[in-house]
Amino acid sequence: MGSSTSKTSVGAPPEWQVAQWLNTDEDITLASLRGKVVAVEAFQMLCPACVAHGIPQVKRLARAFPEDVQVLGLHTVFEHHAAMGPVALEAFLHEYRIGFPVGIDAPGDGALPRTMEAYAMRGTPSLLLFDAEGRLRAHHFGQVDDIELGAQVARLVDEARAPR
């Protein structure tokens with residue numbers, strides 16, 4: 001599947017609506033991550049493209065930019081709800097050696113979880129890139145080319161390091 005990208009830097013993005021965080025003892029907000037570039041991988045553990053492409057890619061991103069980029073997962077379930085609860089997700093994170101923080105998207109009033117709906121995600125995998133000021137700078141749906149993503153993140157890191 002190809003990648004679809006939209007970029008924006010206008011207005012403050014909505015805060016994530018997370019029911020529970022895994023792999024961290026703290027609640028994480030956009031405001032708490034100011035000063036770092038943030039990559040949020042929205043996934044479902046039963047999504048083949050997430051398992052084959054999205055999650056491995058953000059794991060590589062975390063290794064490539066350990067000091068400058070905070071990688072987060074967002075488990076955003078919009079189908080097969082009963083099979084993908086917190087206990088199953090914890091086992092999945094352990095099995096796939098996912099050590100970065102993962103939030104469980106809060107259930108919505110309709111079919112879509114709250115953060116997924118707030119960001120108008122079309123499905124999973126989706127990747128959100130925020131600059132060090134907390135602005136949403138890229139929104140990818142589907143598989144993202146490693147070189148394209150690396151270039152986008154490097155630009156955001158350079159911006160963050162630039163004197164103000």
Side-chain angles (χ1 to χ4, degrees), residues 1 3 12-132 134-144 146 149 152-153 156-157:
M1 175 187 299
S3 171
E15 190 56 68
W16 309 313
Q17 296 184 47
V18 173
Q20 178 182 353
W21 284 99
L22 302 175
N23 292 342
T24 182
D25 294 330
E26 301 174 12
D27 286 341
I28 300 170
T29 64
L30 271 170
S32 71
L33 295 173
R34 283 279 156 78
K36 282 196 172 230
V37 173
V38 178
V40 177
E41 179 68 22
F43 72 98
Q44 294 185 93
M45 64 181 142
L46 295 180
C47 163
C50 298
V51 172
H53 302 291
I55 292 169
Q57 184 173 58
V58 293
K59 286 170 78 174
R60 291 189 302 272
L61 189 65
R63 285 192 306 271
F65 297 94
E67 301 299 319
D68 298 301
V69 178
Q70 175 64 60
V71 171
L72 302 172
L74 179 68
H75 193 240
T76 185
V77 178
F78 56 91
E79 58 190 356
H80 309 297
H81 295 272
M84 293 195 278
V87 172
L89 179 58
E90 285 178 354
F92 174 86
L93 298 178
H94 175 76
E95 190 67 28
Y96 283 87
R97 294 182 174 94
I98 297 169
F100 51 80
V102 175
I104 299 173
D105 202 353
D109 297 327
L112 297 180
R114 293 189 185 280
T115 306
M116 183 179 204
E117 186 171 23
Y119 280 87
M121 293 181 205
R122 297 183 355 219
T124 57
S126 287
L127 178 65
L128 306 174
L129 290 178
F130 298 88
D131 65 19
R135 296 174 297 209
L136 179 63
R137 296 288 293 273
H139 180 169
H140 297 279
F141 171 65
Q143 189 173 343
V144 183
D146 278 343
L149 179 59
Q152 287 178 350
V153 170
L156 295 177
V157 168

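As a basis for the values below, the full set of heavy atoms in this structure was taken, side chains included, without hydrogen atoms, waters or symmetry mates.
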The side-chain contact (heavy atoms from CB on, under 4.5 Å) partners of L149 (sequence neighbours excluded) come to Q57, L61, L127, L129, V144, Q152, V153

Sorted by chain and number, sequence neighbours left out, side-chain contact (heavy atoms from CB on, under 4.5 Å) with P56 holds for R60

Within this structure, what is the [atom1]-[atom2] distance for the pair [X] and [Y], rounded to the nearest 0.5 Å?
X    : Y    : atom1 : atom2 : value
I104 : L89  : CD1   : CG    : 5.0 Å
H140 : R122 : NE2   : CZ    : 12.5 Å
L128 : W16  : CG    : CH2   : 8.5 Å
Q143 : H53  : CD    : NE2   : 4.0 Å
T76  : M116 : OG1   : CE    : 5.0 Å
R34  : F130 : CZ    : CZ    : 10.5 Å

In T24, D27, D25, the residue satisfying side chain to side chain contact (heavy atoms under 4.5 Å, CB included) with P101 is T24

For [X] against [Y], the heavy-atom pair lying closest together:
X    : Y    : answer
S126 : G123 : OG-O, 2.6 Å
V77  : Q44  : CA-OE1, 3.5 Å
G73  : W21  : O-CZ3, 4.3 Å
E15  : T29  : OE2-CA, 3.3 Å
N23  : L93  : ND2-CD1, 3.9 Å
T115 : M121 : O-CE, 4.3 Å

Trace of the side-chain contact (heavy atoms from CB on, under 4.5 Å) decision for L72 with L33: CA-CA 11 Å; L72 302 172; L33 295 173; 3.8 Å; yes

For residues 90-115, the salt bridge (Lys or Arg N to Asp or Glu O under 4.0 Å) pairs (sequence neighbours left out) are D109-R114

Ring-plane angle category for F92 and F43, please: parallel below 30°, perpendicular beyond 60°, tilted otherwise. parallel

Is any side-chain heavy atom of [X] closer than 4.5 Å to a side-chain heavy atom of [Y]?
X   : Y   : value
V18 : L74 : yes
L22 : P86 : no
V71 : E41 : no

**Item:** From CA spacing to verdict: side-chain contact (heavy atoms from CB on, under 4.5 Å), Y96, V51
**Value:** CA-CA 9 Å; Y96 283 87; V51 172; 3.6 Å; yes

Subject >> Main-chain N/O of P14 paired with Y119 side-chain donor or acceptor, under 3.5 Å >> reply: yes

**Prompt:** Is there a donor-acceptor pair under 3.5 Å between the side chain of K59 and the backbone N or O of F100?
**Reply:** no

V37/Q70 under side-chain contact (heavy atoms from CB on, under 4.5 Å): CA gap, chis, key distance, verdict: CA-CA 6 Å; V37 173; Q70 175 64 60; over 6 Å; no

